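Written out below as structure tokens is the structure these notes cover.
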Number of protein chains: 2
Amino acid sequence: MTRRSRAEMLKETRANLIKAARSAFAEKGYAGASMDDLTARVGLTRGALYHHFGDKRGLLAAVVEEIDSDMAMQAHEIGQRQTNSWEALMKEGEAYIELALDPEIQRIVLLDGPSVLGDPAQWPSQNRCLQATMTTLERLMDESFIKPVDIEAAARLLNGAAMNAALWVAGSDTPEKVLGRAIHAFRQLASGLRISPDR
Amino acid sequence: MTRRSRAEMLKETRANLIKAARSAFAEKGYAGASMDDLTARVGLTRGALYHHFGDKRGLLAAVVEEIDSDMAMQAHEIGQRQTNSWEALMKEGEAYIELALDPEIQRIVLLDGPSVLGDPAQWPSQNRCLQATMTTLERLMDESFIKPVDIEAAARLLNGAAMNAALWVAGSDTPEKVLGRAIHAFRQLASGLRISPDR
DNA sequence: GTACTAACATACGCTTTGTATGTGAAATTC
DNA sequence: GAATTTCACATACAAAGCGTATGTTAGTAC
């Protein structure tokens with residue numbers, strides 16, 4: 001029998017709303033997205049939304065959490081594929097920059113997110129991207145690849161640089177070209193953390 | 001006679017509106033600030049606002065331009081006070097971080113600005129902070145203090161790092177302590193651009 | 001002094017948000 | 001297995017805010 005349990009339907013509704021919100025927020029921006037339209041598009045009304053997420057902000061928080069999680073996973077996985085620890089950090093940073101080329105991520109996480117939810121570093125999702133970078137940095141320090149740095153501070157600045165680079169790339173007329181320049185500069189900056197003054 | 005010319009009154013009205021907007025946006029955030037309240041506080045109605053700035057966004061743009069200008073001036077001036085070119089860049093960066101501790105700058109320029117007006121680097125004000133950093137970097141390159149880097153790319157990432165650091169500092173429980181950590185990390189990252197592998 | 005324009009004020013409609021209340025079906029209790 | 005509670009929504013309502021269209025008044029040009 002195709003009968004779905006109540007819990008299953010609940011999860012599906014939540015997922016549907018979040019999915020719709022992702023595209024709506026990405027297209028119209030947070031302020032421009034109408035909750036009536038959003039919910040109607042998945043065959044519901046605002047009643048469902050306020051039941052599940054409390055308010056419009058709550059929905060954005062859920063969306064951001066999901067995207068943030070995705071980003072951290074992908075970037076960290078790419079980093080893990082590297083054998084060289086230093087390259088792992090570099091590729092991870094590059095991955096953030098490239099991931100942020102996605103308009104959805106741009107608009108929702110980089111632009112509207114901070115405005116509505118405040119400093120990303122203090123999001124309930126604890127900014128998994130930051131966590132991932134910190135983990136990588138710790139490993140580098142253990143292996144004496146980098147100077148004894150303040151891990152959190154370094155991770156924050158590195159991430160900030162990467163995110164800003166992403167905005168730059170995405171906003172440019174020739175993203176492909178600018179991407180290369182951004183990545184190169186990222187590597188140069190990061191090299192400031194290394195022990196051996198890289199080549 | 002205390003008679004003011006028409007042009008003077010116009011300028012004064014604009015200035016009054018911008019001033020009121022600065023505090024209103026800083027306090028309530030862009031979305032939360034009511035244009036009715038805002039204009040009433042300086043003895044006007046929304047009519048004046050829409051006449052001078054077109055719409056709410058236009059007012060924010062004007063406010064951001066003013067603040068951005070102030071920031072760049074102050075930071076650059078601090079940089080110019082240094083005799084050592086490298087220290088100039090460092091102090092300039094530190095100045096940005098410290099300036100951004102001002103809640104007004106935080107909320108308006110770092111959080112709401114990008115959300116409403118888009119990527120700061122593409123603001124009509126051309127982001128004077130970025131321009132200032134680029135100027136300083138160029139000088140450093142001429143004097144062979146730093147490697148031959150992509151000036152724009154380096155400036156963008158540096159600024160991004162600084163701004164992110166500022167958010168971190170401001171959001172922390174012990175801003176004074178965190179400020180030191182942020183500045184130190186900033187210097188370490190920036191050293192990646194130097195030719196001599198600083199001490 | 002007449003015509004025009006700049007600098008506002010007033011009035012209105014539309015959209016949107018949040019909340020308060022209703023409802024039916026499933027789950028629980030006994 | 002009937003009664004009751006609870007969940008997952010829908011509906012209705014009130015309030016606020018934005019933008020626009022339309023006055024209105026004071027200065028300016030000629």
Side-chain angles (χ1 to χ4, degrees), chain A residues 1-21 23-64 107-108 112-113 115-117, chain B residues 1-21 23-64 107-108 112-113 115-117:
Chain A
M1 47 192 72
T2 61
R3 195 122 194 78
R4 286 164 308 182
S5 78
R6 216 177 174 194
E8 272 168 357
M9 289 190 57
L10 185 152
K11 277 218 159 193
E12 199 179 326
T13 292
R14 266 188 68 98
N16 282 340
L17 283 175
I18 290 182
K19 188 176 169 188
S23 66
F25 286 153
E27 265 184 55
K28 321 256 186 186
Y30 174 79
S34 157
M35 295 298 97
D36 270 330
D37 293 356
L38 212 176
T39 50
R41 199 156 305 172
V42 287
L44 297 168
T45 71
R46 269 186 1 227
L49 194 158
Y50 284 92
H51 177 69
H52 284 290
F53 299 99
D55 59 359
K56 189 177 181 179
R57 215 182 119 159
L59 178 59
L60 178 65
V63 168
V64 162
R107 180 86 235 182
I108 300 179
D112 287 340
S115 171
V116 180
L117 306 174
Chain B
M1 51 192 76
T2 60
R3 200 128 189 75
R4 287 162 307 183
S5 79
R6 214 174 178 200
E8 273 168 357
M9 289 193 58
L10 187 152
K11 275 219 161 192
E12 197 178 327
T13 292
R14 266 188 69 99
N16 282 340
L17 283 174
I18 291 182
K19 187 176 170 188
S23 66
F25 286 153
E27 266 184 55
K28 321 257 186 185
Y30 175 79
S34 157
M35 295 299 97
D36 273 329
D37 293 356
L38 211 177
T39 50
R41 199 155 307 172
V42 285
L44 297 168
T45 70
R46 271 187 356 225
L49 195 158
Y50 285 93
H51 176 70
H52 284 288
F53 300 99
D55 59 358
K56 188 177 182 180
R57 219 182 113 154
L59 178 59
L60 178 64
V63 169
V64 161
R107 179 87 235 182
I108 300 179
D112 287 340
S115 171
V116 179
L117 306 174

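In what follows, chains are A, B, ... by sequence order, proteins preceding strands, each numbered from 1. Not measured: the values here are computed from a predicted model.
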Of the listed nucleotides [options], the one nearest the side chain of [X]:
{"X": "R46(B)", "options": "dA11(C), dA10(D), dA9(C)", "result": "dA11(C)"}
{"X": "L44(B)", "options": "dC18(D), dC8(C), dA10(D)", "result": "dC8(C)"}
{"X": "H51(B)", "options": "dC18(D), dT17(C), dC8(C)", "result": "dC8(C)"}
{"X": "Y50(A)", "options": "dG19(D), dC8(C), dG18(C)", "result": "dG18(C)"}

Rounding to a whole Å, what distance do you find between [X]:[atom1] and [N]:[atom2]?
{"X": "D37(A)", "N": "dC14(C)", "atom1": "CG", "atom2": "C1'", "value": "14 Å"}
{"X": "R14(A)", "N": "dC7(D)", "atom1": "CZ", "atom2": "C1'", "value": "15 Å"}
{"X": "H52(A)", "N": "dT6(D)", "atom1": "NE2", "atom2": "P", "value": "18 Å"}
{"X": "L49(B)", "N": "dT10(C)", "atom1": "CG", "atom2": "P", "value": "15 Å"}
{"X": "D36(B)", "N": "dA11(C)", "atom1": "CG", "atom2": "C1'", "value": "12 Å"}
{"X": "D55(A)", "N": "dT17(C)", "atom1": "CG", "atom2": "C1'", "value": "10 Å"}
{"X": "M35(A)", "N": "dC9(D)", "atom1": "CE", "atom2": "P", "value": "17 Å"}
{"X": "F53(A)", "N": "dC9(D)", "atom1": "CZ", "atom2": "P", "value": "10 Å"}

Query raised in the report: So, is T13(B) close to the dC8(C) phosphate, meaning a side-chain N or O under 4.0 Å from OP1 or OP2?
Result: yes
Query raised in the report: Is a donor on one side and an acceptor on the other found under 3.5 Å between the side chain of R46(B) and the backbone of D37(B)?
Result: no
Report task. May I ask you to decide if V42(A)'s main-chain N or O and K19(A)'s side chain share a donor-acceptor pair within less than 3.5 Å? Result -> no
With sugar-phosphate meaning primed atoms plus P, OP1 and OP2, does [X] contact a base, only sugar-phosphate, or nothing at under 4.0 Å between heavy atoms?
{"X": "G43(A)", "result": "sugar-phosphate"}
{"X": "A33(B)", "result": "sugar-phosphate"}
{"X": "T45(A)", "result": "base"}

Report task. Specify the closest pair of heavy atoms between A20(A) and L38(A), including all atoms of both residues, with the distance to one decimal. Result -> CB-CD2, 3.3 Å
Query raised in the report: Would you call F53(A) and L17(A) a side-chain contact if the rule is heavy atoms closer than 4.5 Å?
Result: yes
Query - Close side-chain approach of L44(B) to L49(B), heavy-atom, < 4.5 Å - result: no
